[in-house]
Visitor: 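There's a structure below that I have some questions on.
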Amino acid sequence: MGASAEPKEKLKKLLGLTSGSSAPQPPHKCGSLLYKPIDRVTRSTLVLHDLLKHTPADHPDYPLLQDALRISQNFLSSINEDIDPRRTAVTTPKGETRQLIKDGFLVELSEGSRKLRHVFLFTDVLLCAKLKKTGVGKHQQYDCKWYVPLADLVFPSPEESEHCPQVHVIPDHELEDMKMKISAIKSEVQKEKANKGQSRAIERLKKKMFENEFWLLLNSPAIPFRIHNRNGKSYLFLLSSDYERSEWREAIQRLQKKDLQAFVLSSVELQVLTGSCFKLRTVHNIPVTSNKDDDESPGLYGFLHVIVHSAKGFEQSANLYCTLEVDSFGYFVSKAKTRVFRDTTEPQWNEEFEIELEGSQSLRILCYEKCYDKTKLNKDNNEIVDKIMGKGQIQLDPQAVQTKNWHMDVIEMNGIKVEFSMKFTSRDMSLKRTPSKKQTGVFGVKISVVTKRERSKVPYIVRQCIEEVEKRGIEEVGIYRISGVATDIQALKAVFDANNKDILVMLSDMDINAIAGTLKLYFRELPEPLLTDRLYPAFMEGIALSDPAAKENCMMHLLRSLPDPNLITFLFLLEHLKRVAEKEPINKMSLHNLATVFGPTLLRPSEGESKAHLTLASDIWSHDVMAQVQVLLYYLQHPPISFTELKRNTLYFSTDV
């Protein structure tokens, strides 16, 4: 099953090693010289590993790189080790050498709980394993949990899946909480390193970070990937990315096109096959950022603006849409979705999205044909029944992306070409609040100026957007969390700024996510946050108080200290968000989710104030943001707050903060 001897010998010759030097016993003086070739193989292996990570699976070089990596790894593991002869020649029932085609970490739902498994796809069998716990100094080994010969493996149809166990999905706010904790630990690690802190303290933080990231990796996937053995047993994996699910399914289906035979492995054969997994595996580390080396790219933090223009290369008309995935915290998640372009071979979407990046290194685009078959649509939210027409991935190169101009690109997939443009805004740039040059509009203009001009207590834009969301968006899944189309938001911004008489007509026709996005953009572009720069340090101190009575006094006193337009608008928004959260069973937006979306928008200090707070890109998003979210959450969870009650109590308090 291992690589054949011939390419291994070739590799040894290429790297300057004779077959006799695979287990060197160096004398003192020239030991370092003899180790140099081995060191070179080690470095080459790391390069191959990186190349493979960044090469699409359907690229012609992908299998060649896999072979090269496997040969290098087999060679390295044979150094200073007697090779068990059984491990190098595992054969299939037809007498062919069994090769490893693909391997990776997947979450299996087993007996009601989530388990991290290492899954190995061989030429004729899918094997699910876990790493055994071994003593110090002992070789690590895999323990086989189950295997399915590919001749017996089938994918259940959506109808058959209805009898499978329901997937328990972890609430979004728990996942967001954990991301915040991880970000906070990351910034602590950076501070310790900057202050030349104790290595023991850094190790302790890294251990905690690994535990939290592992929890996230285990609990965030929710897309079911079901596998059935014709002989009875079914298995369920959970993935966070439909792209990955499609890769596994396609790799298995490609192998199933060959003339495969059913078989049962004897205990010795199974032991040998499982034993070889450790040497042959191409994925070595659990995909969490704490496993990254210090010199590896931390990825991009900020906002990626992507315009999905069009696609061509479809053979027949279909209802087509695209989704965009990016990696964050070690795994890929779907971040945006275009509208469905109906009955066409050349869809023209021209939709712009703003995608938040959290240490991201890759962008994936998937192109789907929409399924309108009624029998397949009554699935739970995570069962994607639409057909993937093509998929592709590109690296987010920090140098190439970090320009102010749009960068146009094409992803080719299965003969389909998807055209898109992108540009990146770093987090510190996107956090700037820039006052508008013209004071006649509403965006980037102080709230007091707008309310005075309108002779209103709450800006017209806030009232209209909230009214529209409550009319037809309060049950929309992910309202305020899912991005609206950027071009629609910009169109609404222009109409509000011009005080156009067609505003109401436009609002009633506009996608509800664009209206929600316009409201968020309005608060984000205020020249000073709604809860003011002056009171920001006091809000940060107030939320940190541990005594409930002292916290209540302080937090209410801070609200009283706000200018009237700010306070009335804040209370108006607060009551709206509470009404949105009442529909959480339908819209999946809890108070915590809403606080995560709006907290930084309402509190983040403006440019002059925030300079003191800016440190690392990932740091900005940790401690301060957690506190901003907690401030809004405090008020959201508080019993109704009335403006008149607050003001009546002003008499008893000093207004100095």
Visitor: Please tell me if the side chains of Lys102 and Trp248 come closer than 4.5 Å, counting only heavy atoms from C-beta onward.
Guide: yes

Visitor: Could you tell me if the side chain of Thr338 sits less than 4.5 Å from the side chain of Phe353, heavy atoms only?
Guide: yes

Visitor: Cut-off 3.5 Å, no hydrogens considered: what does the side-chain donor-acceptor table look like for residues 322-331, sequence neighbours left out?
Guide:
| from | atom 1 | to | atom 2 | distance (Å) |
| --- | --- | --- | --- | --- |
| Glu325 | OE1 | Ser241 | OG | 2.8 |
| Glu325 | OE2 | Ser241 | OG | 3.4 |
| Glu325 | OE2 | Asp242 | N | 3.2 |
| Asp327 | OD1 | Gln361 | N | 2.9 |
| Asp327 | OD1 | Ser362 | N | 2.9 |
| Asp327 | OD2 | Gln361 | N | 3.1 |
| Tyr331 | OH | Ser220 | OG | 3.4 |

Visitor: When Leu205 is tested against each of Glu192, Lys186, Gln190 for side-chain contact (heavy atoms from CB on, under 4.5 Å), which residue passes?
Guide: Glu192

Visitor: Between Lys207 and Glu211, is there a salt bridge with N-O shorter than 4.0 Å?
Guide: yes

Visitor: Is it the case that Arg117 places NZ or CZ above or below the six-membered ring of Phe225, under 6.0 angstrom from the centre and within 45 degrees of the axis?
Guide: no

Visitor: Check the angle between the aromatic planes of Phe120 and Tyr142 and answer parallel, tilted or perpendicular using the 30° and 60° thresholds.
Guide: perpendicular

Visitor: The criterion is ring pair (Phe, Tyr, Trp, His ring centres under 6.0 Å); which residues satisfy it with Phe237, sequence neighbours excluded?
Guide: Trp146

Visitor: Between Leu270 and Leu127, is any pair of side-chain heavy atoms under 4.5 Å apart?
Guide: yes

Visitor: With His592, which residues qualify under ring pair (Phe, Tyr, Trp, His ring centres under 6.0 Å), at least two apart?
Guide: His173

Visitor: Check Lys391 with Glu250, please: is the shortest side-chain N to carboxylate O separation under 4.0 Å?
Guide: yes

Visitor: Could you tell me which non-hydrogen atom of Gln66 sits nearest to which non-hydrogen atom of Ile101, and how far apart they are?
Guide: NE2-O, 2.7 Å

Visitor: Is the shortest distance from a Lys or Arg side-chain nitrogen in Asp143 or Lys130 to a carboxylate oxygen in the other one below 4.0 Å?
Guide: no

Visitor: Do the side chains of Val125 and Phe263 get nearer than 4.5 Å, heavy atoms only?
Guide: yes

Visitor: Please tell me if the side chains of Ile394 and Phe420 come closer than 4.5 Å, counting only heavy atoms from C-beta onward.
Guide: yes

